[in-house]
Amino acid sequence: MALALSACSHQATSVVTAPAAGPATSVATPPPAAAASPAFQIPVEYYTLPNGLRVVLSPDHTAPTATVADYYAVGFRTEPRNRTGFAHLFEHLMFQGSQNLGKAEFIQLIQKNGGALNGSTRFDFTNYYEVVPSNKLETILWAEADRMRGLAINQSNLTNQQGVVKSEVRVNVLNQPYGSFPWIDMPMKANKNWNNAHNFYGDLKDLDAANLADTKTFFKTYYAPNNAVLAVVGDFEPAEAKAWVAKYYGNIPSAPQPPKPDLTEPRQEQEQRFAQDDKLATKPALAFAYHMPDRNTPEYYAMIMLDQILLQGNDSRLYQALVQKRGYSDAVSGGINSDLGNQFNYNGPMLWMGSLIYDPTVQADSVVRVLDQEVGKLAKNGIDQPTLDLAMVKIRSAFYDQMSGSTNFGRADLLAVFALFDNDPARINRLEAEFRKVTPELMQKTIREYLRPGNRTILTVNPLAKS
């Protein structure tokens, strides 16, 4: 699941269009007012092919590499009932060959050209990306389009990858202490809507039940160009890249899309508590989760800042209180969508979640009491401007870290998801301005509504293994 971060560009260009049927077009729009936008600007050109494929181009000539990222709007929340893990299974199938590339030849094509590649399945999308020397950009666009046009779907590949995924589940989850805690377990406890609450890694019986007809239908429906975004970042000339995209992707047919599932969660009014045994764990563990505000609302940005204050880094309130002051544990981890992405790349209900493995002499209620005390201090005393400013520094640092790196993946990821979910990849240049709108008053409002005990789920692990 872990993917690399990305590289940055200091070129100040912003070109945006809204996807629409008909020939591909791009219309320049003026950049936002200087007062509302940071000086750092990422170049964005956004357009749509006649078949519905949304394309984001972002040149960066810092290094002679290019990153290609295909994002499909199908993830854990979209997979069919009784087919848990199907979205993840399909991620594996995408590497089994296509019309013009045999089994494993896609991977070999990237690696033999000095490149790197990966793929992952998330709550609301499945992504595939490659980083190659820039002179191989056309080759990789051809190869990715070949997969979108016609994947090699046969019983042999399906059976083989069912076994691979089941082995992955056994190795990474079932036979590991805390293997599903809390990243799989907590959403299943805290959420009520099946789409958000099922075992997205996949029950073994559901993985066995996947059949060839289901697989072909899934591909035809969800891997169509009108359900996808292509992001190209790096050392290329936009006009040349646009010609290649049109050449290789333009004649792939679109497909009718099913209605989007209802992902809404009811407002949680009372705290939920759950406990589970772990036969491989030697120490107790505790996770807490609060339902997040809706994405892109003022409270959403405030909650991200609260995450920085309470949970992120050794200066955070919970690390100081639980680790430094009391020594309950040596670490507190978590965040917003922290196990399967970041606070931006999801598109539905989400949890703010934290967890720790703690000393057996400590009671779970003691950990929860410290959590309540730290949240209570913020609710009672308020959050002053210097604290907000420090949170802003941490957010900017994390953002620029994501935008800087040798693979350009961090930038490609945000551009792709903002196109996929918001039809607005240029939003990447307005994030800092949104955080600067957050006031101490908004922080207090957010704490009262979203960090109340009634909005919380507590999950504890009882260790059954001998230390």
Is the closest basic N to carboxylate O distance between [X] and [Y] below 4.0 Å?
| X | Y | result |
| --- | --- | --- |
| R273 | E271 | yes |
| D422 | R427 | yes |
| R436 | E432 | yes |
| D208 | K166 | yes |
| D372 | R456 | yes |
| E449 | R267 | yes |
| E45 | K242 | yes |
| E299 | K445 | yes |

Ring-face cation of [X] near [Y] (centre distance under 6.0 Å, axis angle within 45°):
| X | Y | result |
| --- | --- | --- |
| R77 | F125 | no |
| R122 | Y346 | no |
| R54 | Y46 | no |

Classify the angle between the aromatic ring planes of [X] and [Y] as parallel (below 30°), tilted (30 to 60°) or perpendicular (above 60°).
| X | Y | result |
| --- | --- | --- |
| F95 | F106 | perpendicular |
| F90 | Y223 | tilted |
| H88 | H92 | perpendicular |
| Y129 | F409 | tilted |

Handout entry: CA sep, side-chain torsions, deciding dist, call: Y71, N127, side-chain hydrogen bond (donor to acceptor under 3.5 Å, both in side chains)
Key = CA-CA 4 Å; Y71 277 55; N127 67 345; 3.1 Å; yes

Exercise for the section: Step through the shown structure and confirm whether more than 12 heavy atoms of other residues, nucleotides or ligands are within 6.0 Å of CD on Q270. Expected result: no

Exercise for the section: Answer yes or no: does atom NZ of K394 have more than 12 heavy-atom neighbours from other residues, nucleotides or ligands under 6.0 Å? Expected result: yes

Roughly how far, to the nearest 0.5 Å, is [atom2] of [Y] from [atom1] of [X]?
| X | Y | atom1 | atom2 | value |
| --- | --- | --- | --- | --- |
| L451 | E374 | CG | CD | 12.5 Å |
| I140 | T67 | CD1 | OG1 | 11.0 Å |
| N191 | T457 | CG | OG1 | 8.0 Å |
| L340 | F123 | CG | CZ | 5.0 Å |
| D146 | L109 | CG | CG | 10.5 Å |
| D206 | N199 | CG | CG | 8.5 Å |

Practice task
Step by step, work out the ring-ring contact (aromatic ring centres under 6.0 Å, His included) result for W183 and Y201.
Solution key: CA-CA 10 Å; W183 65 297; Y201 219 138; 5.5 Å; yes

Exercise for the section: Verify side-chain hydrogen bond (donor to acceptor under 3.5 Å, both in side chains) between E265 and N196, making sure each step is shown before the conclusion. Expected result: CA-CA 8 Å; E265 287 286 334; N196 307 314; 2.8 Å; yes

Problem - Worked verdict on Y450 versus Y290 for ring-ring contact (aromatic ring centres under 6.0 Å, His included) - result: CA-CA 7 Å; Y450 293 97; Y290 297 79; 9.8 Å; no

Exercise for the section: Check the pair D413 / N345 against side-chain hydrogen bond (donor to acceptor under 3.5 Å, both in side chains), numbers first and verdict last. Expected result: CA-CA 8 Å; D413 175 65; N345 61 5; 3.2 Å; yes

Handout entry: Closest non-hydrogen atom pair, T84 against D203
Key = OG1-N, 3.0 Å

Completion exercise
Scanning both residues in full, the closest heavy-atom pair of Y178 with A285 reads CE2-CB, 4.0 Å

Handout entry: Side-chain H-bond candidate by donor/acceptor type, Q343 with D307, under 3.5 Å
Key =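 Result is no, nothing qualifies.
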
Exercise for the section: Dump the intermediate steps for ring-ring contact (aromatic ring centres under 6.0 Å, His included) on W352 and F288, then the final yes or no. Expected result: CA-CA 8 Å; W352 176 63; F288 58 85; 5.5 Å; yes

Handout entry: Test side-chain hydrogen bond (donor to acceptor under 3.5 Å, both in side chains) applied to E91 and T126, step by step
Key = CA-CA 7 Å; E91 174 205 328; T126 307; over 6 Å; no

